[in-house]
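Quick notes on the structure that follows.
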Amino acid sequence: MKAPKEALDKAIPKAYTPADVEKRIYDMWMKENCFSPRKTSTGKTFSIVMPPPNVTGNLHLGHAMVMSVQDSLIRHHRMLGDETVWVPGTDHAGIATQLVVENHLRQQGKSRKDFTREGFLVKTWEWVETYKKNITDQLKSLGASADWSRERFTFDPEFNAVVNKVFVDLYNKGLIYKDDYIVNWCSETQTVLSDLEVVATPEESKLYYIRYFVKAADKSVIVATTRPETLLGDVAVAVHPSDKRYKEFIDKTLILPIMNREIRVIADERVDMEFGTGAVKITPGHDPLDYEIGRDHNLQVISVIGKDGKMNKNAGKYAGLEVEQARKNIIEYLDNIGNLEDIEDTVSNVKRCDRTKAIVEPLVSKQWFVKATALAPEVMKAVEAGKTDFIPDRFRKEFSNWMEGMRDWCISRQLWWGHRIPAYYKGNEMIVSENHPTEEGWLQDEDVLDTWFSSALWPFVVFGWPDKTEDMKKFFPTTVLETGRDILFFWVSRMMMMSMALTGEVPFYHVYLDGLVRDEKNQKMSKSKGNGMDPAELQNAYGTDATRLMLLLGTTPGNDLVVSRQKAESYRNFVNKLWNASRFIRMQGEETMPYRELEAYLEKNYAKLNIAQKWILSRFAHVSQAVTEGYATYRMGESGTVLYEATWNEFCDWYIEISKIEVNEHTQAVLQYGMMTLLKLWHPMAPFVTEEIWATYDQEELIINSSWPTIPAKFINDEIEEDFRILIEVVRGIRNVRHERSVAPGKLIPVHFVADVKKDLLVQFEEVLKKLAKLSTMEIHKGRPIIGRKVALIVYPFEIYLPLDDMIDVEAEKARLTKWIAEKEKERRIIQSKLDNKGFIANAPDDVKAAQEKKKQEVEAVLTTMKQQLADIE
RNA sequence: GGGCGCUUAGCUCAGUUGGCUAGAGCAUCUCGUUUACACCGAGGGGGUCGGGGGUUCGAAUCCCUCAGCGCCCACCA
C-alpha cells in the first residue's frame with residue numbers, strides 16, 4: 001500500500017510557509033468559536049485575564065512574550081479539558097493616550113487648548129477606535145486564543161459605572177479621601193503623578209552653602225542646598241538634636257536672607273549630621289521631607305513655585321521668573337550681599353517624570369488619595385497565608401517589602417482623558433455620588449483618575465462584578481496572572497488591594513512574572529533606544545510559531561530573555577523540521593485513523609511491535625509526562641526544551657530513519673501516532689503549524705479542541721529504553737570509527753560482535769544496524785573472536801571489532817587504546833573511592849549506590865577487554 | 001542607604017528538593033547530492049560551573065566572603 005508518492009510530493013510543499021496558513025487558521029478558529037469556555041468533564045476551571053495593553057501602544061516583543069505564555073497555558077488547559085477562559089481587552093492608558101493624541105494635534109498645528117474638553121474627548125475616542133483595532137489585530141496575529149466576545153476596554157461605559165460605584169464606596173468607607181499633601185507635579189503634562197511615575201536619577205548639580213544670621217547676634221548658621229530658589233519659602237532651619245555644633249542654636253531665631261523673615265532653628269532627628277553642614281533649611285512647600293518635618297513642628301507651608309513652573313507671587317521680586325532664572329538671580333544676589341559661602345559640585349538625585357522626563361516639582365496641593373496604608377495589611381496577610389503565590393518566589397519578598405513601605409496612593413490627575421472623579425461641588429459643599437446630582441448648580445470635579453485605578457478592578461469587573469454573575473462564581477479568583485515584572489507595583493499590588501477591599505478575595509492564585517526582553521547587546525528594548533524588534537516583522541520573516549517558540553523556550557520565569565534574528569531563524573528551522581517529518585509520514589500512506597483509535601490499536605498490538613517501536617512509544621510516554629509536569633509547575637521553558645529534543649533528536653533522527661529500514665504492518669500506525677502526539681504536545685506553543693499539519697491527518701476534530709495526550713501506561717518500558725540506548729551507542733561508536741579512519745561514506749564494512757549477554761538485541765536489530773552503520777556482514781560471537789588486526793571498541797555489554805586490516809595504523813591504534821584505558825582507569829578510581837568511602841556507603845541512598853556499583857562492573861569489564869586488545873595488537 | 005538578581009563551552013542560556021563522566025541551541029572544524037527536510041544528515045573539538053573559604057561521604061546546586069555586572073526601592077537637603 002505504498003502511497004502515490006509524486007502526488008503527495010506535489011500536494012505538500014517542501015517548506016512550510018507560515019504566511020499562507022496563519023490567517024486562514026485563525027479565522028477558522030474564530031468561526032468555529034474555539035475560544036469560548038466549554039463545559040467539560042474535569043469540572044475544573046482555568047481563567048486568565050489578559051493584561052490589557054495600552055490602546056494606543058504598539059505591540060512589542062515584551063507583549064508578545066506575555067501573550068505567548070498566556071496563550072500556551074490557555075491552550076494547554078483547554079486541551080486538558082478544563083473550562084478555560086482568557087479575557088482580552090485594552091487599557092485606556094490615561095496620560096499615555098492623551099499625550100499621543102496631543103502629539104497628533106501638534107503635528108496638525110493644534111493643541112489641546114484649541115478644543116473644549118468635550119471636543120478633545122470626541123477626538124480622542126476617534127483615535128482610540130482605530131488604535132484599538134490595530135492592537136487587537138496584532139494580538140490575534142500572535143495566535144491569542146482569547147475569548148473576543150468578552151473583550152473589554154477599561155474606559156467603556158459599563159466600566160465607568162463600576163469605577164464610579166467603587167469610588168463612592170471607598171469614599172464612604174474612608175478609604176478614599178481628599179487632602180492637601182506634597183505631591184509630584186509634572187509641569188510639562190500639567191498634572192500630579194503618583195510616586196511610581198517618578199524616577200530619580202543621579203545628576204550633576206551644585207551644592208550651595210548659604211549663611212543665615214541669628215537675629216540680633218553676631219552668630220550665624222550655614223545651610224547647604226541644591227535648590228537655593230526654594231529659600232524664599234523657608235520656614236525654619238533644622239539640626240539634629242544631638243549635634244553638638246548646633247546645640248546653642250536650637251530655638252534661636254534666624255533672619256532668612258532676601259525675605260528678611262524670622263525663622264526658627266528646630267531640632268529633628270531626621271536631619272543627617274553628616275551631610276553638608278548638618279543644618280538644613282526647611283521648605284515644606286517644595287520638599288517631601290521638609291513637608292513632614294514642617295507638619296510635625298506645626299510650621300507654615302509657603303509655596304513659591306507655581307504649577308506653571310514659574311516663581312509665584314510669594315517669591316517677591318522673583319515672581320514670574322522661571323525656576324532656573326530665579327536660581328541664578330538669587331545666587332548672584334546672595335553673593336553680592338555676602339551670604340553665599342561656597343559652591344560645590346555634587347551629584348544629587350533629580351526626580352523626573354517617567355513619561356516626559358521633565359523635572360518633577362514637589363508641591364503642596366489638594367488631591368485625592370486611596371488610603372493604601374489601610375489596604376495593604378490585608379494583602380500582605382493573604383500573601384503570607386499563601387493565598388497568592390509568586391513565580392518565581394523571590395518576587396513575593398520584593399512585593400512584601402514594597403507593600404510595607406508604601407504611602408497613600410495619589411489617584412487624581414489633571415487630565416481630560418480618563419474616568420472623571422465622581423465628586424461634585426457647589427460653593428463650599430462637596431458630595432461624592434455615582435451620578436450627577438439632579439439639582440442645579442453642582443459642578444463635577446475637573447480631575448480624572450489615575451489609569452491604574454480602573455486597571456486595578458480589571459480581574460473582577462470583566463466577569464461582571466459587582467453583580468453576582470455566573471462568571472464570577474466560576475472564574476474568579478482567576479487562576480494565574482502573568483505579566484511583566486516591571487508592573488508588579490503599578491498593577492499587581494493595586495489589583496490585590498482593590499480585590500481584597502472590594503471582593504474580600506485575592507484576585508488570582510498565582511502571579512507569574514516575566515523578565516524583560518533584551519536585544520543581542522543585552523540592552524532593554526525600548527522605542528527611545530530605537531532597538532525595539534518588531535514582533536510583526538519577525539512573524540513575517542520567520543512565522544508566528546517560530547517567534548513564539550523563541551519567546552517560550554530556554555527561558556525561566558522572571559529572568560530576562562535575549563532575543564535575536566538568529567534565534568528566530570533556528571526556530572523557523574525547527575518548525576520546518578516538524579513540517580517535513582510529517583510530510584514524510586504522509587508520503588508513506590494516505591490512510592489515517594482517529595487518534596484515539598490509533599492509540600487503542602497500538603495498545604492492542606503492543607506485543608507485536610519491534611524494539612524501535614516500543615522504544616519510541618515509551619519515549620513519548622515519558623516526554624509527555626515531562627511536558628505536562630512543566631506546564632503544571634509553570635516551567636514551560638523546560639517543557640519546550642524537552643519536546644524539542646524529543647522531536648528532533650529522537651523521533652526524527654532515530655525513529656523515522658529506522659522506520660525506513662524496518663517496515664512492518666504497524667510502522668504507519670507508530671509514525672502517525674507519534675507525529676500526532678507531537679503535534680498535540682506542541683500545539684499550545686506552536687498553534688498554527690500544528691493545526692495545519694493536523695489537518696492532513698483527517699481527524700474528527702481540530703487540534704485546538706482535541707485532548708491532551710495521556711499516553712497509556714502500557715507503553716512505558718524502561719528496559720527497552722535502556723536497550724535502545726545501547727543500540728544507539730553501538731551505531732554511534734561504529735560511525736565514529738569509520739569517520740576517524742576515513743572509511744568512504746558508502747563503503748560497507750564487516751563487523752564482529754562479542755555478546756555474552758543480550759545477544760538477542762543484536763539479532764533483532766541486525767538489519768537496522770547494518771543500514772545505519774553501513775555494515776556488510778555482522779557476526780555475533782560468544783567469547784573472543786580471533787580475526788586479526790582490528791579496531792576494537794566497547795559499548796557495554798558488547799565488544800565490537802572492525803577488521804579494517806588495510807587501514808590499521810598499529811601505533812595510532814595503540815595510542816588510542818592507551819588513552820582510552822587511561823580515561824577508564826580514572827573513572828574507575830573515582831567510582832572506587834566512592835565505594836570505599838564508608839560515609840558514602842552509610843549515607844547515600846540505595847539507588848545511587850546501586851548505580852555506582854553497576855558502573856563499576858561496567859568499567860571493569862571494559863578495562864579488561866581493552867587491555868587484552870592492547871596486548872593483542874602488540 | 002536598604003533589598004534583590006546574575007556570573008556555567010566563542011555567543012545565548014537550561015540544570016526542580018545537593019547524588020553525572022556538567023547539558024542544549026547557535027557558532028566552529030571534518031565528512032556527506034542516502035527520494036521528509038541543505039530551513040538537511042553523520043562525526044568531532046570546546047567548560048578546573050566568577051575568585052577564596054566552609055558544611056557534607058558527596059557541591060554548579062547549601063552557608064560565609066570577595067569581585068564584576070544588572071535591577072528595584074529610598075525623604076540625604
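A note on names: the letters A, B, ... follow the listed sequences, proteins ahead of strands, and every chain is numbered from 1.
At least one donor-acceptor pair closer than 3.5 Å links the side chain of Asn843(A) to the backbone N or O of Gly839(A). Within the 3.5 Å criterion, the main-chain N or O of Val221(A) finds no donor-acceptor partner in the side chain of Arg211(A).
Distances from the side chain of His739(A) to the nucleotides C76(B), C31(B), G5(B) place C31(B) closest. Side chain of Asn843(A), nearest nucleotide from G25(B), C57(B), A77(B): C57(B). Comparing C75(B), C4(B), G15(B) against the side chain of Arg394(A) picks out C4(B) as the nearest. The side chain of Pro745(A) approaches G32(B) more closely than any other nucleotide in the set G32(B), A36(B), G25(B).
For A77(B), the OP1/OP2 oxygens have no side-chain nitrogen or oxygen of Lys281(A) closer than 4.0 Å. The side chain of Arg732(A) places an N or O atom within less than 4.0 Å of a non-bridging phosphate oxygen (OP1 or OP2) of G43(B). In terms of phosphate contacts, Lys747(A) brings no side-chain nitrogen or oxygen within less than 4.0 Å of OP1 or OP2 of C31(B). Contact annotation: Asn576(A) side-chain N/O to A36(B) OP1/OP2 distance is not under 4.0 Å.
Below 30°, between 30° and 60°, or above 60°: for Tyr644(A) and Phe574(A) the angle between ring planes is below 30°, a parallel geometry. Aromatic ring orientation, His510(A) versus Tyr634(A): tilted (interplanar angle from 30° to 60°).
Rounded to a whole Å, the NZ atom of Lys351(A) is 12 Å from the P atom of C73(B). Rounded to a whole Å, the CH2 atom of Trp648(A) is 5 Å from the P atom of G41(B). Per the geometry, CD belonging to Gln566(A) stands 14 Å off C1' belonging to C39(B), to the nearest Å. To the nearest angstrom, P of C69(B) lies 17 Å from CG of Asp560(A). What separates CG of Asn349(A) from P of C76(B) is a distance of 6 Å, to the nearest Å. Atom pair Leu772(A):CG and A42(B):P shows a separation of 10 Å (rounding to whole Å applied). Look at CD on Glu645(A): it is 9 Å from C1' on G25(B), rounded to the nearest Å. Whole-Å rounding puts the Met587(A) CE to A36(B) P distance at 6 Å.
Among the protein residues, Ser348(A) comes within range of the sugar-phosphate backbone only, with heavy atoms under 4.0 Å from sugar or phosphate atoms but none that close to a base. Across all strands, Arg227(A) comes closer than 4.0 Å to no nucleic acid atom at all (heavy-atom distances). Looking at heavy-atom distances under 4.0 Å, Thr230(A) makes no contact with the nucleic acid at all. Here Lys567(A) lies in heavy-atom contact (under 4.0 Å) with sugar-phosphate atoms only. Among the protein residues, Lys771(A) comes within range of no part of the nucleic acid, since none of its heavy atoms lies under 4.0 Å from any strand. At the heavy-atom level, Phe574(A) lies nowhere under 4.0 Å from the strands shown. Counting non-hydrogen atoms under 4.0 angstrom, Thr641(A) reaches nothing in the nucleic acid.
Between the side chains of Gln832(A) and Asp836(A), at least one donor N or O lies within less than 3.5 Å of an accepting N or O.
Taking for each of Glu629(A) and Val280(A) the nucleotide of RNA chain B with the nearest heavy atom, the 5'-most of the two is the partner of Glu629(A). For Asn736(A) and Thr225(A), each mapped to the nucleotide of RNA chain B holding its nearest heavy atom, the one lying further toward the 5' end belongs to Asn736(A).
The base of A36(B) lies close enough to the side chain of Glu657(A) for a donor and an acceptor atom to sit less than 3.5 Å apart. Side-chain to base pairing of Lys577(A) with C37(B): one donor and one acceptor N or O lie within less than 3.5 Å of each other. For A36(B), its base sits under 3.5 Å from the side chain of Lys660(A) at one donor and acceptor pair at least. Between the side chain of Arg572(A) and the base of C39(B), a donor-acceptor pair under 3.5 Å is found.
Using a 4.5 Å heavy-atom cutoff, the side chains of Glu657(A) and Asp653(A) are not in contact.
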Dot-bracket encoding of pairs in RNA chain B, which uses [ ] for pseudoknotted crossings and | for another strand, Watson-Crick or G-U under 3.5 angstrom: (((((((..((((.....[...)))).(((((.......))))).....(((((..]....))))))))))))....
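Using a cutoff of 4.0 Å between basic side-chain nitrogens and carboxylate oxygens, Arg295(A) and Glu292(A) are not scored as salt-bridged. Salt bridge status for Arg732(A) with Glu729(A): absent, with no side-chain N to carboxylate O gap under 4.0 Å. Salt bridge Lys849(A)/Asp846(A): present, at least one basic N to carboxylate O contact under 4.0 Å.
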